[in-house]
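See below for the structure under consideration.
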Amino acid sequence: MTILIDHPEFEEVGNKGPVDENELVLDGGFAVPAAETKPDLGFVAPPTNSFGHTFRDYHVESERQKGVEEFYRTNHINQTVDFVKRMREEYGRLNKVEMSIWECCELLNEFVDESDPDLDEPQIEHLLQTAEAIRKDYPDEDWLHLTGLIHDLGKVLLHPAFGELPQWAVVGDTFPVGCAFDESIIHHKYFQENPDYKNPVYNTKYGIYTEGCGLDNVLMSWGHDDYMYLVAKENKTTLPSAGLFIIRYHSFYALHRADAYKHLMNAEDIENLKWLTIFNKYDLYSKSKVRIDVEKVKPYYLSLIKKVNSHSK
């Protein structure tokens, strides 16, 4: 499969000039208003998700939660080293379908993420909720807007044209395979039925990896994140490394919520994690019943894609 990811000349992530003393300055030069000193600035996370529950609450009793738990049972049993290697080899060829970014966004209108306890809207709604929330707070960060728009496009794997993979092989929290499954991973108990769980080659802290080897060298459970990462790399995207990091690891909650697997990170990963932490606020907490008027915002994103096209020529 090929998704046409074009090649904008994004500005280097760097110093943005004078920064207010009440802002948190990250090493990349991205200033984030401190909530305790500027509570009225920027995106404010709602207290509840679209179902009226707290975000990422996998224990609240509901019919949707039962489905979510069953999803993770199947996911945790089947995501093995052999499975991931097989999927990466097959889908890394990018020989399924060729379509534009916006065409992929519209294709996702057909799907609802069964692993998500916070949202039951079509996926294009989530893409635009994320991108629009980022755009509002950081209007000059084109690369971050684009990352917000495309970060979930790999979910096209659910479509028949892309193989119609089952949801457990496309969505949900991601995690490394080839080493021990950290207990912070949601519904960890189901890993006991995974063939790798008792394999001495894979069930230690480091498994087949070494300290500081870098997450780029780590096999992640297969899904839309890793697929979109492969698509972007193969299309030679000029997104900064932070953009690629966000795409591949935005569902890696064991890392950016529980600080697990940091022993595998290198210096570049540590720097990029700061950007992922920023992005995660918009990715997670922008999910709500507040609908996005797709036709109203579409011209902006088409202009951004057009800008990308002009830079790639």
Side-chain angles (χ1 to χ4, degrees), residues 5-46 55 101-102 105 124-153 225 228-229 232 237-252 256-257 268-288 290-294 296-311:
I5 302 293
D6 304 295
H7 319 302
E9 297 299 327
F10 290 110
E11 294 182 7
E12 288 296 318
V13 175
N15 194 294
K16 295 293 183 182
V19 177
D20 189 285
E21 63 180 359
N22 289 323
E23 291 179 322
L24 169 65
V25 183
L26 303 182
D27 292 352
F30 199 58
V32 185
E36 68 274 14
T37 57
K38 295 188 176 182
D40 58 332
L41 290 184
F43 176 75
V44 178
F55 285 89
I101 291 174
W102 193 261
C105 291
I124 193 172
E125 293 275 341
H126 170 55
L127 295 178
L128 290 172
Q129 284 175 343
T130 303
E132 282 293 283
I134 293 171
R135 179 185 169 197
K136 181 178 179 181
D137 284 1
Y138 303 103
D140 299 324
E141 302 293 344
D142 282 6
W143 72 271
L144 203 54
H145 306 170
L146 185 60
T147 301
L149 182 68
I150 72 173
H151 76 285
D152 272 349
L153 286 191
D225 317 64
M228 194 62 206
Y229 170 77
T237 180
T238 56
L239 279 174
S241 63
L244 288 172
F245 191 90
I246 288 168
I247 289 171
R248 192 177 193 223
Y249 306 112
H250 67 270
S251 303
F252 188 6
H256 51 82
R257 295 296 291 272
E268 185 176 19
D269 294 330
I270 293 171
E271 183 65 26
N272 285 336
L273 180 58
K274 299 172 184 178
W275 290 86
L276 176 56
T277 301
I278 293 168
F279 179 86
N280 180 249
K281 177 180 73 169
Y282 299 95
D283 184 25
L284 176 59
Y285 297 111
S286 63
K287 300 173 185 177
S288 71
V290 177
R291 305 299 295 272
I292 297 292
D293 186 335
V294 177
K296 182 178 180 180
V297 301
K298 181 178 178 179
Y300 169 72
Y301 291 100
L302 289 179
S303 71
L304 179 57
I305 294 168
K306 183 178 181 180
K307 176 181 177 182
V308 168
N309 283 331
S310 66
H311 279 300

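This is a predicted model, so every value here is computed, not measured.
- Put simply, the residue from Thr237, Leu276, Thr147, Leu153 that forms a side-chain contact (heavy atoms from CB on, under 4.5 Å) with Ile247 is Thr147.
- Between Ala131 and His145 the shortest heavy-atom distance is CB-O, 3.9 Å.
- Annotation: the span from His151 atom NE2 to Leu244 atom CG amounts to 14.5 Å, rounded to 0.5 Å.
- Closest approach of Ile134 and Gly148 over heavy atoms only: CD1-CA, 4.3 Å.
- Between Leu127 and Leu149, the shortest heavy-atom distance links the atoms CD2-O, 3.3 Å.
- For the 3.5 Å distance criterion, the side chains of Asp283 and His126 qualify, holding a donor opposite an acceptor.
- Residue His250 comes nearest to Asn280 through the heavy atom pair O-ND2, 4.4 Å, listed as atom of the first residue, atom of the second, then distance.
- The heavy-atom pair separating Asp137 from Tyr282 by the smallest distance is OD2-OH, 2.7 Å.
- With values rounded to the nearest 0.5 angstrom, Leu128 atom CG is found 13.0 Å from Lys296 atom NZ.
- Residue Ile101 holds its CD1 atom at 10.5 Å from CG of Leu302, rounded to the nearest 0.5 Å.
- Of the listed residues (Phe279, Trp275, Tyr138), just one forms a ring-ring contact (aromatic ring centres under 6.0 Å, His included) with Trp143, and that residue is Trp275.
- Side chains of Asp269 and Tyr249: no donor on one and acceptor on the other come within 3.5 Å.
- For Asp152, the salt bridge (charged side-chain N to carboxylate O under 4.0 Å, His left out) criterion is met by Lys155, not counting sequence neighbours.
- Under the 4.5 Å side-chain criterion, counting only non-hydrogen atoms from C-beta, Asn272 is in contact with Glu268.
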Using the side chain to side chain contact (heavy atoms under 4.5 Å, CB included) rule, take Lys274 and Phe245 through it: C-alpha gap first, then chi angles, then the decisive distance, then the call.
CA-CA 10 Å; Lys274 299 172 184 178; Phe245 191 90; over 6 Å; no
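- The OG1 atom of Thr130 sits 12.5 Å away from atom CD1 of Ile150, with the distance rounded to the nearest 0.5 Å.
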